[in-house]
Amino acid sequence: MHRVEKCTSSVMLLITSILVFGARAAFATARPNFVVFFVDDMGINQIDIGTTRVYGYSGDNHTISTPNIKRLADEGMTFQTWYSSFHVCSPSRASMMTGMYSVRLGIGIPNSIYAPHAPGPSTGSNVVFSAESVGGLPTNASTIAEKLKPLGYNTAAVGKWHLGNRDIYMPTSRGFDHYLGIPFSQDMGLSFWSTHGYKTEPPFFPTPLPLVHNLTIVEQPVGLHHLVKNYTSFIDQFLSTQTASTPFYLYVPWNHVHGPNSCSAEFCGSSPRGPIGDATQEVDAGVGEVMASLTKYGFGNNTLVFLTSDNGAPKGGDVSGNYPLRGYKATTWEGGFREPGIAWWPGKIKAGTISQAIVSTMDIFPTLLSVASRGLGADGALNAATGEVHSSIDGVSLDGIDISDIIFGVDGAKGHECYFFYKYAVAADAVHGLAAVRCQDYKAYWIVDKGPPRNIKPGPQEKPVLFNLVADPGENFPVPANSSEYTAAMAILSKARTSHLMTIQPVPNQNGRGTDPAYAMCGAPDSTARFPHLPNCTMNPENWAPADICASQACLTANKGYGGACKGPQPKPGICPGTQCPHVPPANAKGCFIDHTDGICDLPHVVAGHCKFANGTIVDKPSESRMSLEVCNAHCVLSNFSYFGVQMGGRGCFCGDDYGSQGKNTSVGACAYPCVGNARESCGGPDNNAVYSVARSTITGQLPELDYLPEPN
C-alpha cells in the first residue's frame, strides 16, 4: 500500500488530478454496461418503493423516503425473495464477486473455534476481515471484473471492499482498473463518528479510517460527511470518459448504512427514523446522482443496473429494517439473509414487475457474464442467447445461476430450486456450519440460531425445524413434525442438503490467517510530530471535528453523541510525544529483544503489552494506543532502566537492565518477523521489536495516563 503524507483538504482535487480513464478498442458487437449498487447492512424494509404488492420495502413504515430507488423499482423488476449468500460482510461480498458460496473460498470462519492460535485476533466474531487482515479473497477465484476485462470492459469499484486490504487483494489487483473507497467497514477505523472514540480497544487497534484511491491513501481519517459526494463525483468523472463503443462495469458498494450511521449536514434530521433513516436517504440521493450521470452521458438505455445489500439490518435500533422477517444481521433467519433486490434496464426489463423467484447476489456473476456474451445488435436489442451456460468458471462450478431469463420476462424462467444457509463457512466441518436449507416454499433448520419462536431452543435440533416461507415469511409457526406436510418437505430438503454437502471440499481458512499490524493502513506514520494530540496517521486533522457537522443544530440534535465529539481529541497535560519526552536517536538502537525462534521477550519489565519469558511466565498488561518510542523511553528512564523496546505495532512497552544474547550484534532491520511463540501477539510494527538504550535527556511534565504503570522491582 502506497502512503502519502498529506492530501489537499478537498480530496477530489487530488483524485481528479490522477484520474485517467483509458478507452479500449471497440468490439464488433456492442456490449451493454453494468452498474451494481451494493448497500451495506440494508434490510428489506429500509427502502420505500410505494407498493403493497410485496412485503417489506416500506421504508420502515414510511419513515424513510427513497424516491430514487423507488424509480428503479417502478421502471424495473423488484424481487420478493432475493438472498445474500451469508449473514455478514466479507463472506457475502466474496460470494457476490465470485458466484460461489463463501464456504468454497475459506471466508466466514470464526477463528475462536477453528483457528484459535491465529496471529492476532480477527474482527468481532472473526468471520470478516479486520483492518489488519493477512488473508483475503483467494487469488485463484476469478472475480466478475476479471472475467469482463477480456470482453473489453472498463472497470471501476467505488466504496467498501472488505475482501482483504493487502495490495494483492485490493480491487486494482482483482480486475478493477480504478478504485476509490474505504477498504473495510467504517467502524474499523478511528473517526469523528467512531463508536470507540479515539482510544483503541482490544481486539481492535485501528488507525484513523482511511480513504484509498487505487493503492494510495488520500484522506485519513476520511470525512464520512462528504463520502457519498466524493463517491458520486468520482463516478461522474469515470462515466464522463466512457464511450458508446466501449462497455463498462461499475461496482458501487456504498459504505452506508453500516454503523456508525453518518451523513452530510444536508441529511441530518431528514428522516423521522433518525440517523439510520438519514443515512439511508443519503444513499438514495447518491443512487439518484449516479443514475443522473448515466443519463447525462447517454448510457441510460444500454445499462443493466442491480441494487441489493450484503446482509440484513443489524440487531438493535435497526432491526425493524428487516420487518416482517425474523432475525437480523449475523443470524441465519430470513432477516439475516433476505435483502432488497431490484433490476433495472429500460426497454429490456418490463417496468413495475414483481418476481417471486428465489435469486441471490451470487447470480450477478453468471448473469452479467451471460448478458455481456450475448451483446447488443445494431438496433440496440439484446442478441439471442448463445446457448452457452455459464455454470462454471475456469473449471470451477458456480453456485450462482444466470437469471437473465427471469429479468427479461421469459416464460417458464426459474430461480434456485434450493438455497443453503451457512452460520459458519467451514469447509472442513461443513455439516456443522450449514444451519438451514430452503427448497421451494420450505426452509428447514438443522441448527436454530438465536431469537427463535417460542418453545424452540437455539442450537442443533434432533428433528429439523420446518417453516413454510410462503405462508409464514416471519418464521413464526413451525410445520408440525408429525404432519404429512413435514414428511414430504423434509424428504426433499434432506436430499438436497446431503447432495450439497458432498460438493464441499476443504480450502484454506482465509480468516484463520489472522491479523498483523504490518498491514494497518497509515498515510502519515509520524503524524504525532505535527499533531501531538491527535491519533497517529492523521492526515486530515479537520475531519476529527468536521466544521459543517458541528455547526449544524440538526446534526447535533439528531446525533446526541456529536456534541462531545465536536470538541475533537483533547491534548492532555504532559502528553508524549512532545516537548516533555526526549528524542531517541537512531544510534541508540542495539538489536532485537525478542527471540526469533520461540518469541521469548527478554526485557522483563512490562509497562504495557504481552510478554512470554524463558521460564514460561506470561505477563499481560493492556496495550496502550498512545505508546511510542519516546513515551516508552520516558517510562523506562523514570524507572531507572538502561534499555527499552516497543512492539505490538507501537502499543507495548518493555524495560530492562540488559537484554538477551539473541539480540546483541543483530541488525535492527532483522527484528521484524512473524510472532512464533506468542500466538496472541501482533508482532512487528513501527519499531520492529528493536531494543534501544535509553535516552536520558531531562524529562519534565507528567507522563500519559496508562491503565498500568511500571511496578517497582
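Worth knowing before you read on, the calculation uses all heavy atoms, side chains too, and leaves out hydrogens, waters and symmetry mates.
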A.B. asks: Treating Arg326 as the side-chain partner and Gly451 as the backbone partner, does any N or O pair qualify as donor plus acceptor under 3.5 Å?
C.D. replies: yes
A.B. asks: Does Val479 offer a backbone N or O that forms a donor-acceptor pair with the side chain of Glu485 under 3.5 Å?
C.D. replies: no
A.B. asks: Which pairs with one or both residues in residues 266-296 pass disulfide bond (SG atoms under 2.5 Å apart), sequence neighbours excluded?
C.D. replies: Cys268-Cys555
A.B. asks: Within this structure, what is the CZ-CG distance for the pair Phe477 and Asp472, rounded to the nearest 0.5 Å?
C.D. replies: 6.0 Å
A.B. asks: Do Ser84 and Glu339 get their side chains close enough for a donor-acceptor pair, meaning under 3.5 Å?
C.D. replies: no
A.B. asks: So, for Asn311 and Phe86, which heavy atoms are closest and what is the spacing to 0.1 Å?
C.D. replies: CB-O, 4.0 Å
A.B. asks: The criterion is ring pair (Phe, Tyr, Trp, His ring centres under 6.0 Å); which residues satisfy it with Phe34, sequence neighbours excluded?
C.D. replies: Tyr153
A.B. asks: Within the distance-only criterion (no hydrogens, no angle test), does the side chain of Ser309 pair as donor or acceptor with the backbone N or O of Val39 below 3.5 angstrom?
C.D. replies: yes
A.B. asks: Using modelled atom types and a 3.5 Å cut-off, is there a donor and acceptor pairing between side-chain atoms of Asp363 and backbone atoms of Ser360?
C.D. replies: yes
A.B. asks: Would you check if Trp193 and Pro275 make a side-chain contact, meaning some heavy-atom pair closer than 4.5 Å?
C.D. replies: no
A.B. asks: Using the salt bridge (charged side-chain N to carboxylate O under 4.0 Å, His left out) criterion, which residues pair with Glu475? Sequence neighbours excluded.
C.D. replies: Lys443
A.B. asks: Do Asn540 and Gln220 pass the side chain to side chain donor-acceptor pair (under 3.5 Å) test, and can you show the C-alpha distance, the side-chain angles, and the key distance before you say yes or no?
C.D. replies: CA-CA 6 Å; Asn540 298 81; Gln220 194 171 18; over 6 Å; no
A.B. asks: Taking Arg174 for its side chain and Leu137 for its backbone only, find out whether a donor-acceptor pair lies under 3.5 Å.
C.D. replies: yes
A.B. asks: Going by heavy atoms in the side chains, are Met77 and Ile342 under 4.5 Å from each other?
C.D. replies: no
A.B. asks: Can any side-chain N or O of Ser370 pair as donor or acceptor with the backbone N or O of Pro366 at less than 3.5 Å?
C.D. replies: no
A.B. asks: What pair of heavy atoms forms the shortest contact from Arg53 to Thr51, and how long is it?
C.D. replies: N-OG1, 3.1 Å
A.B. asks: Examine Tyr328 together with Trp333 and report whether their ring centres are nearer than 6.0 Å.
C.D. replies: no
A.B. asks: Between NZ of Lys414 and CD1 of Ile401, what distance do you get to the nearest 0.5 Å?
C.D. replies: 11.0 Å
A.B. asks: Does the side chain of Leu72 come within less than 4.5 Å of Met291's, by heavy atoms?
C.D. replies: yes
A.B. asks: Can you confirm whether Leu239 sits close enough to Phe248 that some side-chain heavy atom of one is under 4.5 Å from a side-chain heavy atom of the other?
C.D. replies: yes
A.B. asks: Let me know which of Glu266, Glu289, Glu282 forms a salt bridge (Lys or Arg N to Asp or Glu O under 4.0 Å) with Lys229.
C.D. replies: Glu289
A.B. asks: Could you tell me whether the side chain of Asp40 and the main chain of Lys160 form a donor-acceptor pair under 3.5 Å?
C.D. replies: no
A.B. asks: Rounded to the nearest 0.5 Å, what separation is found between the CG atom of Asp402 and the CD1 atom of Ile364?
C.D. replies: 12.5 Å
A.B. asks: How long is the gap from CD1 on Ile276 to CG on Asp318, to the nearest 0.5 Å?
C.D. replies: 4.0 Å
A.B. asks: Show your reasoning for whether salt bridge (charged side-chain N to carboxylate O under 4.0 Å, His left out) applies to Lys296 and Asp236.
C.D. replies: CA-CA 9 Å; Lys296 178 171 64 173; Asp236 185 81; 2.9 Å; yes
A.B. asks: Taking ring pair (Phe, Tyr, Trp, His ring centres under 6.0 Å) as the definition, give me every residue that meets it alongside Tyr422, ordered by chain and number, with sequence neighbours left out.
C.D. replies: His500
A.B. asks: Test side chain to side chain donor-acceptor pair (under 3.5 Å) on Gln281 and Ser270 and set out the steps.
C.D. replies: CA-CA 8 Å; Gln281 293 187 171; Ser270 63; 2.9 Å; yes
A.B. asks: Just checking, any donor-acceptor pair under 3.5 angstrom between side chains of Asn68 and Asp284?
C.D. replies: yes
A.B. asks: Determine whether more than 12 heavy atoms belonging to other residues, nucleotides or ligands lie under 6.0 Å from atom OH of Tyr323.
C.D. replies: no
A.B. asks: Any pair with a residue in residues 285-365 that passes disulfide bond (SG atoms under 2.5 Å apart), sequence neighbours left out, goes on the list, sorted by first then second residue, please.
C.D. replies: none
A.B. asks: Phe306 and Phe38: aromatic ring centres closer than 6.0 Å?
C.D. replies: no
A.B. asks: Between Gln237 and His178, is there a side-chain donor-acceptor contact under 3.5 Å, judged purely by atom types and distance?
C.D. replies: no
A.B. asks: For Pro221, does its backbone N or O pair with a side-chain atom of Asn543 as donor and acceptor, under 3.5 Å?
C.D. replies: yes
A.B. asks: Measure from the ring center of Tyr419 to the ring center of Tyr101 and say whether it is less than 6.0 Å.
C.D. replies: yes
A.B. asks: I need the minimum non-hydrogen distance between Ile549 and Ala265, along with the two atoms involved.
C.D. replies: CD1-N, 3.6 Å
A.B. asks: Going by atom types only, do Tyr57 and Gln80 share a side-chain donor-acceptor pair under 3.5 Å?
C.D. replies: no
A.B. asks: Can you find a side-chain donor-acceptor pair between Asn261 and Asp278 that sits under 3.5 Å?
C.D. replies: no
A.B. asks: Do Phe421 and Tyr83 have ring centroids that are under 6.0 Å from one another?
C.D. replies: yes
A.B. asks: Could you check if a side-chain atom of Val287 sits within less than 4.5 angstrom of a side-chain atom of Trp254, using non-hydrogen atoms only?
C.D. replies: yes
A.B. asks: Using a 4.5 Å cut-off on heavy atoms from C-beta on, say whether the side chain of Ser240 contacts that of Tyr297.
C.D. replies: yes
A.B. asks: Would you name the heavy atoms of Ser102 and Ala425 that are closest together and state the gap between them?
C.D. replies: OG-CB, 3.4 Å
A.B. asks: Do His225 and Phe192 have their ring centres less than 6.0 Å from each other?
C.D. replies: no
A.B. asks: Compare every heavy atom of Met362 with every heavy atom of Ser95, then report the nearest pair and how far apart it is.
C.D. replies: CB-CG, 3.8 Å
A.B. asks: What pairs with Ser90 under side-chain contact (heavy atoms from CB on, under 4.5 Å), at least two apart in sequence or on another chain?
C.D. replies: Ile107, Val128, Phe129, His162
A.B. asks: Show, in sequence, the C-alpha distance, side-chain angles and deciding distance for Glu219 and His213, and conclude whether the side chain to side chain donor-acceptor pair (under 3.5 Å) test is met.
C.D. replies: CA-CA 9 Å; Glu219 189 178 0; His213 176 251; over 6 Å; no
A.B. asks: Would you find a donor on one side and an acceptor on the other, under 3.5 Å apart, between the side chain of Thr63 and the backbone of Asp60?
C.D. replies: yes
A.B. asks: For Trp82 and Thr308, does a side-chain donor sit closer than 3.5 Å to a side-chain acceptor?
C.D. replies: yes
A.B. asks: Closest approach of Asp48 and Lys70, non-hydrogen atoms and distance?
C.D. replies: O-CB, 3.6 Å
A.B. asks: Quick one: does any side-chain atom of Ser191 pair with a main-chain N or O of Ser194 as donor and acceptor, under 3.5 Å?
C.D. replies: yes
A.B. asks: Applying ring pair (Phe, Tyr, Trp, His ring centres under 6.0 Å), run through Tyr249 and Phe176 and close with a yes or a no.
C.D. replies: CA-CA 9 Å; Tyr249 165 46; Phe176 289 98; 5.7 Å; yes
A.B. asks: With a 4.5 Å cut-off on side-chain heavy atoms, are Val158 and Ile235 touching?
C.D. replies: yes
A.B. asks: Can you tell me how far apart CD1 (Ile144) and OH (Tyr251) are? Round to the nearest 0.5 Å.
C.D. replies: 8.0 Å
A.B. asks: So, taking the atom named CG in Leu105 and the one named CE in Met100, what distance separates them when rounded to the nearest 0.5 Å?
C.D. replies: 4.5 Å
A.B. asks: Tell me, do Lys423 and His87 make a side-chain contact under 4.5 Å, heavy atoms counted?
C.D. replies: yes
